[in-house]
Each structure stands twice: as C-alpha cells, then as structure tokens.
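Atom set for the values below is all heavy atoms of this structure, side chains included, hydrogens, waters and symmetry mates excluded. None of these values were measured; they are calculated from a predicted model.
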There are 2 protein chains.
Amino acid sequence: MGVTKTSDFTEAQNQTTALLKALAHPARVAILEHLLREQRCICGDIVSELPLAQATVSQHLKEMKQAGMILGTVEGTSVCYCLNTSALEFLHGYFGRALDTLKAQGANCCH
Amino acid sequence: MGVTKTSDFTEAQNQTTALLKALAHPARVAILEHLLREQRCICGDIVSELPLAQATVSQHLKEMKQAGMILGTVEGTSVCYCLNTSALEFLHGYFGRALDTLKAQGANCCH
DNA sequence: AAATTTAATCGTAATATTGCGATATTAAAA
DNA sequence: TTTTAATATCGCAATATTACGATTAAATTT
C-alpha cells in the first residue's frame with residue numbers, strides 16, 4: 001500500500017533512514033555539495049545553481065533541515081543555510097562501523 | 001510533476017544518489033544491519049526477520065542489488081545476499097571527504 | 001508607507017515508491 | 001516425475017514524493 005510503518009523498526013533505524021532520505025535525491029546531493037563549496041550559503045544562491053524552481057528548492061531545504069542535515073539562520077530577507085557537521089559525522093561513523101564489521105568477518109559467501 | 005531529471009545533475013551525483021536511495025527506507029537499513037550481523041545471509045532469513053511480506057522483501061533486495069549496495073548469488077533454491085564492500089567504502093569516503101572539507105573551512109555562518 | 005527583495009507556504013498535478021496477494025520460476029527432494 | 005521449497009515477478013491499490021505557479025510573509029530599501 002505504500003505505507004511505511006516506522007513503528008516496526010528501531011528508533012535508531014528510523015533516525016538513520018531520516019538522514020539518508022534527506023540526501024536520497026540528486027538535487028539534495030547537489031545542495032550538499034554546493035554548501036560544501038561555498039562559505040556563503042543563501043537559498044537564492046542555490047536556486048540559481050540548480051535547474052529547479054524557487055519553491056522546489058525551498059521545499060528540499062525544508063526537508064533537509066527537518067531531518068537535521070542542514071541548519072538555517074535567518075539573515076535579514078535571506079536565509080543562511082549550512083551543513084550540520086554532526087549529521088555528517090553520524091553518517092560517516094555509521095558506514096565506518098559497518099565497514100569495520102564487514103571486514104572483521106573476513107570473506108563471506110558471495111565473494 | 002514529481003519527475004526527477006537525472007540529466008540535470010552530474011554522473012557522480014546520480015551515482016551517489018542511487019546508493020543513498022538504496023538505503024533510504026527503514027526496511028533497507030534493517031536489511032543492511034541484518035546482513036552485517038549474519039554471515040549466512042539468505043533471503044528467507046530476512047523475510048522472517050522483517051514485518052514484511054516475502055514479495056516486498058524480494059523487491060527491496062532487488063533494488064538494493066540494482067543500486068550495487070548488495071550482491072547476490074544463487075545457491076540452489078535460495079539466494080545468498082551480502083553487502084557490497086565497495087559501496088560501503090564509497091559512502092564512507094564520500095562523507096569522510098565532506099567532513100574534511102567542512103572542517104577545513106572553519107566556523108561558518110550558522111554556528 | 002510604498003516598493004522591493006527573499007524565502008516560505010499553499011494547492012495541485014504528475015510521478016515514484018511501497019506493499020502484498022497471486023502466480024510463475026527454478027532447483028532440490030522425494 | 002511429482003512434490004516441495006525458495007525467490008522472483010506481475011498487477012494493482014494506496015501512499016509518498018517531487019515540481020511548480022501563485023500567493024503570502026517578512027525584512028530592507030527607497
């Protein structure tokens with residue numbers, strides 16, 4: 001039915017999913033990379049960088065913010081968005097631990 | 001319209017997105033974590049582990065495989081699925097580089 | 001205060017994803 | 001060779017996501 005029952009999974013699994021979802025779209029990856037390149041990081045900036053309408057970019061930014069991937073502070077008429085270091089650290093750590101676990105297991109059945 | 005024009009983004013951005021999408025669902029994260037825990041990693045295993053029907057799990061596995069997150073080898077009537085180390089390495093490296101870049105920039109406007 | 005600038009929100013259309021029962025497929029077992 | 005076991009695929013319904021024009025909201029300029 002297309003309904004995802006988050007209650008069937010652990011809190012940690014849902015939190016991880018939220019961060020991954022916040023990046024699981026080429027526009028979001030492009031936003032991430034743009035925020036990495038630029039120090040100054042205003043929404044209007046991103047709109048002119050991407051092939052998307054202002055409303056669409058704003059919506060992407062909203063969801064990335066909601067998930068904790070980015071932070072935003074109002075600066076006059078514009079908004080300064082930037083990456084949330086701890087979210088990146090979380091994902092980096094997650095995949096790092098996964099790799100460690102995988103490597104500690106040695107060769108498995110598929111390789 | 002809900003249509004994502006991958007052609008508007010770089011090849012690398014789309015590849016990164018594909019891997020992230022393969023994990024951007026609690027069931028997929030649960031599958032990843034299950035494959036980490038178990039050496040023996042058969043689909044039926046996963047079905048009994050998750051609160052989802054066999055057809056649904058099979059579909060998730062198919063998409064994770066298509067994205068390159070997991071590998072699968074047929075073993076008689078069952079299939080042995082396991083994590084693709086290089087996909088994990090890719091993601092780990094991606095977030096690692098992002099973090100390095102971010103930290104090299106020092107404090108930015110939002111912190 | 002009016003005009004301007006910038007970003008958020010609303011409403012809606014289109015597409016994508018998720019889930020599952022039913023069925024098909026394929027290999028092993030009996 | 002029939003039966004059984006394990007996955008994959010099909011078809012469809014329900015929900016979620018994406019996109020954008022139009023509008024609103026809020027701060028800055030004029």
Side-chain angles (χ1 to χ4, degrees), chain A residues 1-9 13-14 17-18 20-31 34-35 40-67 69-82 109-110, chain B residues 1-9 13-14 17-18 20-31 40-67 69-82 109-110:
Chain A
M1 303 169 187
V3 61
T4 301
K5 298 186 211 160
T6 55
S7 58
D8 286 329
F9 301 94
Q13 284 169 341
N14 286 319
T17 301
L20 291 170
K21 261 190 176 168
L23 294 177
H25 187 288
R28 311 252 178 100
V29 170
I31 289 171
H34 180 72
L35 290 180
R40 212 177 128 283
C41 41
I42 310 298
C43 179
D45 244 349
I46 302 172
V47 171
S48 52
E49 181 94 352
L50 297 181
L52 293 169
Q54 182 266 323
T56 308
V57 174
S58 185
Q59 195 177 308
H60 279 304
L61 288 167
K62 182 188 178 184
E63 277 163 51
M64 291 175 79
K65 189 177 177 184
Q66 234 159 14
M69 268 309 307
I70 61 177
L71 303 169
T73 18
V74 177
E75 285 201 351
T77 41
S78 53
V79 177
C80 173
Y81 280 113
C82 57
C109 46
C110 303
Chain B
M1 302 170 186
V3 60
T4 301
K5 298 187 213 162
T6 55
S7 58
D8 285 330
F9 301 94
Q13 284 169 342
N14 287 319
T17 301
L20 291 170
K21 259 189 177 170
L23 295 177
H25 187 287
R28 311 254 178 99
V29 169
I31 289 172
R40 213 178 125 284
C41 40
I42 309 298
C43 179
D45 243 349
I46 302 171
V47 171
S48 53
E49 180 94 351
L50 297 181
L52 294 169
Q54 181 267 323
T56 307
V57 174
S58 184
Q59 194 177 309
H60 278 304
L61 289 167
K62 182 187 178 184
E63 276 162 50
M64 290 175 80
K65 189 177 177 184
Q66 233 159 14
M69 268 309 307
I70 61 177
L71 303 169
T73 18
V74 178
E75 286 201 352
T77 40
S78 54
V79 177
C80 173
Y81 281 112
C82 57
C109 46
C110 304

Practice task
To the nearest Å, give me how far apart CG (A/Leu52) and P (D/dA19) are.
Solution key: 5 Å
Problem - Sub-4.0 Å heavy-atom contacts from residues 58-67 of chain A onto DNA chain C, ordered by number - result: A/Ser58, A/Lys62
Exercise for the section: Report yes if the side chains of B/Ile31 and B/Leu61 come closer than 4.5 Å at any heavy-atom pair, otherwise no. Expected result: yes
Handout entry: Nearest-nucleotide 5' precedence on DNA chain D, B/Val79 against A/Ala53
Key = B/Val79
Problem - Under 4.0 angstrom between A/Thr56 side-chain N/O and D/dT18 OP1 or OP2 - result: no
Handout entry: Helix axis bend for the helix from C/dA1-D/dT30 to C/dA30-D/dT1 - C1'-based end axes, five pairs, 10° rounding
Key = 20°
Problem - Distance in angstrom units between B/His25 NE2 and C/dA16 P, rounded - result: 18 Å
Practice task
Give the ring-plane orientation class for B/Phe9 versus A/His25, where under 30° counts as parallel, over 60° as perpendicular and anything between as tilted.
Solution key: perpendicular
Exercise for the section: Summarise protein proximity over nucleotides 22-28 of chain D in one line of letters, 5' to 3': B for base, S for sugar-phosphate only, - for none, counting protein heavy atoms closer than 4.0 Å. Expected result: B----BS
Completion exercise
Among the nucleotides D/dA8, D/dT7, C/dG19, whichever has the atom closest to the side chain of B/Ile42 is D/dT7
Practice task
Without swapping roles, check the side chain of B/Thr56 against the backbone of B/Leu52 for a donor-acceptor pair under 3.5 Å.
Solution key: no
Exercise for the section: Provide, to the nearest angstrom, the distance between the NZ atom belonging to B/Lys21 and the P atom belonging to C/dT18. Expected result: 9 Å
Problem - A/Arg28 side chain vs A/Lys21 backbone, donor-acceptor pair below 3.5 Å - result: yes
Fill in the blank from the handout: Whole-Å distance, B/Ile46 CD1 to D/dA6 P, equals 14 Å
Practice task
Output yes when at least one side-chain N/O atom of B/Tyr81 is less than 4.0 Å from OP1 or OP2 of D/dA6, else no.
Solution key: no
